[in-house]
Structure formats: structure tokens, C-alpha cells
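Keep in mind that what you see is a predicted model, and the values were worked out from it rather than measured. Along the sequence shown, residues are numbered consecutively beginning with 1.
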Amino acid sequence: MTEHETGRRPAHDGVRLRLATAADAEAVTRVFLDSRAAAMPYLPRIHSDADTLAWITHVVLPTSTAVWVAEAAGEAGESGEAGESGALLGFAALAGRDELDHLYLRPDALRRGIGSRLLAEVRGAVDGPVHLYVFQRNAAARAFYERHGFRAVAFDDGGRNEENEPDVLYRWTPRR
């Protein structure tokens, strides 16, 4: 099988990207919860960990256009430490044809180029512009997307999300 058929990308700096499977649900959920708690402590906890796992398992993984995970290269390990082989470090989910619905990294996996690589996977899967929403107060995420060429195109009062947190619609358009 080719790299494209397996969804695996070669390890780069000790991190491999691949398409997520149903077996990744618990690790993806842990990344989602830990990342949000560290980066956005102001967000209300609306759902239990069990409900979040059910949502990742039954909605995000099976209904997204594609979900990529970043993992430490090598065989799966026991402890799941960020540098340990097989540990899931982050994920990105594409919804529909052009919406980056999720991009989350473990707090101990930031500033290693992993988010940039996941973002590149999403861009490579989309034929045209990519859009996404970010909470207005999430300054680190906004700076990340702006460094990668995304531009704010609309601001919302929070009425469109269940956290009721004001957000920003960003769009990236490829150069032609």
C-alpha cells in the first residue's frame, strides 16, 4: 500500500501523522479535554468526560470528512508521555469540504511544529479556501492561524456555539 492509501506520513522530528481510527477515540478525547482546560480555562464545562468521549466516538470520528492524529513515532508505549513512541500528541478534523472543525494539541506538545503539520494536512485535503472558528479570547490560537495566513472575516457574539463564547470566523485562501 502507498503512503496515501494508508493515511500514514513519515515521521518528522519524531512525530508521525496518520488518519484516525475508532481506536483513537479515548486518546483524542483526552487531548481535546486537556487542551481546552489548559488554553481556555474560562470556558464552562458543559459536558462530562464520558459525554465528550461519546461525542468524539459517535460524531467526530465517524462523521468528519477526515481526522488526522499526530503521534510520537514508533511502537505504542505504556505511559503515553509526549516523547514516548505511539503517544497521541494532537489531532485535526475536517468537516465538510472546507471547515477545519478541530485542531488540538496536548499542552506538553506545543511549539514543536505539530500544529503546523496538522494544519498542512487539512489544507492539502481541501481544494480551495479553508475556514474555521476560534474563540475571540483564544489569543494563542488566533496568533497561530494568523501566522499561517488566515484572516478574520467575521466576528460573532457567541450565539452560534454552545459555550456562548464570542468567536471569530477565519478564512485562508490558497495562492493561485
Taking all non-hydrogen atoms of both residues, which atom of Val168 and which atom of Ala152 are closest, and how far apart?
CG1-CB, 3.6 Å
A side-chain contact here means heavy atoms from C-beta on lying under 4.5 Å apart; do Asp24 and Arg18 qualify?
yes
Stepwise, does the side chain to side chain contact (heavy atoms under 4.5 Å, CB included) test hold for Ser35 with Arg106?
CA-CA 5 Å; Ser35 177; Arg106 285 173 36 166; over 6 Å; no
Where do Leu17 and Ala70 come nearest, in terms of heavy atoms and distance?
CD2-CB, 3.4 Å
Any carboxylate oxygen within less than 4.0 angstrom of a Lys/Arg side-chain nitrogen, looking at Arg171 and Asp98?
no
Would you mind reporting whether Leu94 and Asp101 have side-chain heavy atoms less than 4.5 Å apart?
no
Should the pair His102 and Phe32 be assigned to parallel (<30°), tilted (30 to 60°) or perpendicular (>60°) ring geometry?
perpendicular
Taking Ile46 as the starting point, is it possible to reach Val134 by hopping between hydrophobic residues whose side chains are less than 4.5 Å apart?
no
Please check if the side chain of Ser64 supplies one atom and the backbone of Ala93 the other of a donor-acceptor pair under 3.5 Å.
no
Considering residues, nucleotides and ligands other than Asp51, do more than 12 of their heavy atoms fall under 6.0 Å from its CG?
yes
For Asp156, does its backbone N or O pair with a side-chain atom of Gln136 as donor and acceptor, under 3.5 Å?
yes
Classify the ring geometry between Tyr133 and His131 as parallel (under 30°), tilted (30 to 60°) or perpendicular (over 60°).
perpendicular
Do Tyr170 and Arg142 meet the criterion of a side-chain donor-acceptor pair at a distance under 3.5 Å?
yes
With a 4.5 Å cut-off on side-chain heavy atoms, are His47 and Trp55 touching?
no
Using side chain to side chain contact (heavy atoms under 4.5 Å, CB included), reason through Trp68 and Arg117 one step at a time and then give a plain yes or no.
CA-CA 10 Å; Trp68 295 268; Arg117 288 183 59 207; over 6 Å; no
Give a yes or no on whether Val59 and Val67 share a hydrophobic cluster (residues Ile, Leu, Val, Met, Phe, Trp, Tyr; joining criterion: side-chain heavy atoms under 4.5 Å apart).
yes
Any side-chain heavy atom of Phe150 within less than 4.5 Å of one from Val130?
yes
Min side-chain heavy-atom separation Leu43-Glu165 under 4.5 Å:
yes
Drop me the distance from Ile114's CD1 to Leu119's CG, to the nearest 0.5 angstrom.
13.5 Å
For Ala20 and Leu61 the tightest heavy-atom approach is CB-CD2, 3.8 Å
Student check: side-chain heavy atoms of Tyr145 and Trp172 closer than 4.5 Å:
no
Tell me, with the steps shown, if Val28 and Val60 meet side chain to side chain contact (heavy atoms under 4.5 Å, CB included).
CA-CA 10 Å; Val28 166; Val60 175; 5.7 Å; no
A side-chain contact here means heavy atoms from C-beta on lying under 4.5 Å apart; do Arg112 and Leu89 qualify?
yes
Only counting residues at least two apart or in another chain, list the ones meeting side-chain hydrogen bond (donor to acceptor under 3.5 Å, both in side chains) with Tyr104.
Arg36
Hydrophobic cluster membership, Phe91 vs Met40, 4.5 Å side-chain cutoff:
yes
Do other residues, nucleotides or ligands put more than 12 heavy atoms under 6.0 Å from the CD atom of Glu26?
no
Would a hydrophobic clustering, with Ile, Leu, Val, Met, Phe, Trp and Tyr connected at side-chain separations under 4.5 Å, put Leu103 with Leu110?
yes
For a quick test of reading the model, state the closest non-hydrogen atom pair linking Ala66 to Leu19 and the distance between them.
CB-CD2, 4.4 Å
Smallest separation among heavy atoms of Ala92 and Leu100, with atom names
CB-CD1, 4.3 Å
Taking only residues two or more places apart in sequence or in another chain, which ones pass side-chain hydrogen bond (donor to acceptor under 3.5 Å, both in side chains) with Arg123?
none
With a 4.5 Å cut-off on side-chain heavy atoms, are Asp157 and Pro166 touching?
no
Between Asp34 (side chain only) and Val31 (backbone N and O only), is there a donor and an acceptor less than 3.5 Å apart?
no
Heavy-atom closest pair (Ala38 atom, Pro107 atom, distance to 0.1 Å) is CB-CG, 3.6 Å
In chain order, what residues pass the side-chain hydrogen bond (donor to acceptor under 3.5 Å, both in side chains) check against Asp167, with sequence neighbours excluded?
Arg160, Asn161
Check this for me: Arg111, atom CZ, are more than 12 non-hydrogen atoms of other residues, nucleotides or ligands nearer than 6.0 Å?
no
One thing to verify: whether Arg30 and Asp49 come together as a salt bridge, which I'm taking to mean a side-chain N less than 4.0 angstrom from a carboxylate O.
yes
